[in-house]
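Below: the structure, in structure tokens.
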Amino acid sequence: MSSRRKIWLTRAIAVILLAAIMSTGYLAMNPGLTTAAHSEFFIEPTESQTNATTTASYPDRLQPNATTNVTLGIGNHEHQSLSYRITVVWNETTTQSHQLRLADNETRLYPIQLEAPSEPARYRVQFQLYKQNETEPALQTRLWIRVQE
């Protein structure tokens, strides 16, 4: 092999090696998105029962027209700021709607005051989370509440 060809091959290998080292360094310093975009939506247990993992820490009985507080947790992991809308639905009847905006990686506890209907019955109370201007809920959770005298 000629001397000139060896020099050219050595330089080409050096350039390729340098590019590989620089690319590896760049990727190490800028790992990019490591998690899939998602939102969180949950019912936070009451303060007196924060260690409870059962439904005993959530309201399940109310008198007609009585009120209770529920705290919802919303987490934004969508890699951008987002507006959310929360609706509260008692047996297919929407009773409340709330708007909030969360920054990326922000989680917020949002208190909601529920007022029981005047008619005694067993109610499914749905909490629905909508992203931006979507018409279908992205996430939902629910409680069963018995309204009785």
Side-chain angles (χ1 to χ4, degrees), residues 10-149:
T10 303
R11 287 184 181 164
I13 291 173
V15 168
I16 291 170
L17 185 59
L18 183 62
I21 291 171
M22 290 176 59
S23 296
T24 303
Y26 175 80
L27 290 175
M29 299 300 286
N30 302 296
L33 303 178
T34 57
T35 60
H38 68 282
S39 295
E40 294 177 296
F41 190 49
F42 56 92
I43 302 172
E44 182 76 3
T46 59
E47 283 185 31
S48 61
Q49 308 232 356
T50 53
N51 292 327
T53 57
T54 66
T55 57
S57 61
Y58 306 110
D60 64 348
R61 296 183 189 282
L62 287 173
Q63 292 186 351
N65 300 313
T67 61
T68 188
N69 294 316
V70 173
T71 302
L72 301 175
I74 304 99
N76 176 10
H77 305 285
E78 299 283 347
H79 308 298
Q80 63 180 337
S81 293
L82 272 185
S83 293
Y84 291 98
R85 179 170 51 99
I86 299 169
T87 60
V88 180
V89 181
W90 288 75
N91 282 2
E92 311 305 324
T93 302
T94 301
T95 59
Q96 298 178 44
S97 183
H98 304 269
Q99 301 280 342
L100 67 150
R101 185 163 185 82
L102 296 179
D104 183 32
N105 285 325
E106 180 181 0
T107 298
R108 186 179 305 169
L109 295 177
Y110 193 83
I112 301 274
Q113 186 176 53
L114 299 177
E115 182 176 347
S118 58
E119 294 294 319
R122 185 170 186 235
Y123 290 89
R124 181 179 64 181
V125 182
Q126 290 183 328
F127 304 95
Q128 300 173 332
L129 182 71
Y130 296 82
K131 294 181 197 174
Q132 303 282 54
N133 297 320
E134 292 181 3
T135 57
E136 293 296 320
L139 297 167
Q140 55 188 347
T141 188
R142 70 178 178 343
L143 290 175
W144 287 97
I145 297 180
R146 181 167 299 283
V147 176
Q148 62 187 26
E149 299 211 27

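Model, not experiment: these values are computed from the prediction.
In this structure, the ring-ring contact (aromatic ring centres under 6.0 Å, His included) partners of Y123, at least two apart in sequence or on a different chain, are W90. Take E106 and apply the side-chain hydrogen bond (donor to acceptor under 3.5 Å, both in side chains) test, not counting sequence neighbours, and it matches R108. With sequence neighbours left out, L109 forms a side chain to side chain contact (heavy atoms under 4.5 Å, CB included) with F42, E44, T71. Every residue two or more places apart in sequence or in another chain that forms a side chain to side chain contact (heavy atoms under 4.5 Å, CB included) with H77 is listed here: H38, E40, N105, T107. Taking the side-chain hydrogen bond (donor to acceptor under 3.5 Å, both in side chains) definition, one finds that Q126 meets it with Q128, sequence neighbours left out. Applying the side chain to side chain contact (heavy atoms under 4.5 Å, CB included) test to N65 and every residue at least two apart in sequence or in another chain returns E115, S118.
With rounding to the nearest 0.5 angstrom, the CD1 atom of I13 is 13.5 Å from the CG atom of L18. Remark: L72 CG to I43 CD1 distance equals 6.5 Å, nearest 0.5 Å. In this structure, the separation between CG on L139 and CD1 on I74 is 10.5 Å, given to the nearest 0.5 Å. For the atom pair T68 OG1 and L62 CG, the distance stands at 5.5 Å (nearest 0.5 Å). R122 CZ to R61 CZ: the interatomic distance, rounded to the nearest 0.5 Å, is 9.5 Å. In this structure, OH on Y130 lies 11.5 Å from CD1 on I86, to the nearest 0.5 angstrom.
A salt bridge (Lys or Arg N to Asp or Glu O under 4.0 Å) check over residues 136-149, counting only residues at least two apart or in different chains, returns nothing. Counting only residues at least two apart or on different chains, the ring-ring contact (aromatic ring centres under 6.0 Å, His included) pairs with a member in residues 99-121 are H98-Y110. Identified under the salt bridge (Lys or Arg N to Asp or Glu O under 4.0 Å) test for residues 13-26, with sequence neighbours left out: none. Sorted pairs that involve residues 11-27 and meet salt bridge (Lys or Arg N to Asp or Glu O under 4.0 Å), not counting sequence neighbours, are lacking altogether. The stretch residues 78-105 participates, sequence neighbours left out, in these salt bridge (Lys or Arg N to Asp or Glu O under 4.0 Å) pairs: E78-K131, E92-R124.
Side-chain N or O atoms of Y58 include none that pairs as donor or acceptor with a backbone N or O of L143 at under 3.5 Å. Looking only at distances, a side-chain donor or acceptor of Q132 sits under 3.5 Å from a matching main-chain atom of S83.
Smallest separation of non-hydrogen atoms from I145 and P59: CG1-O, 3.7 Å. Closest approach of P117 and V147 over heavy atoms only: O-CG1, 3.6 Å. P120 approaches P64 most closely through the heavy-atom pair CG-CG, 4.4 Å. Between Y84 and S39, the shortest heavy-atom contact is OH-OG, 2.7 Å.
Here the options are T93, V70, V125, T94, the test is side-chain contact (heavy atoms from CB on, under 4.5 Å), and the partner is V88; only V125 passes.
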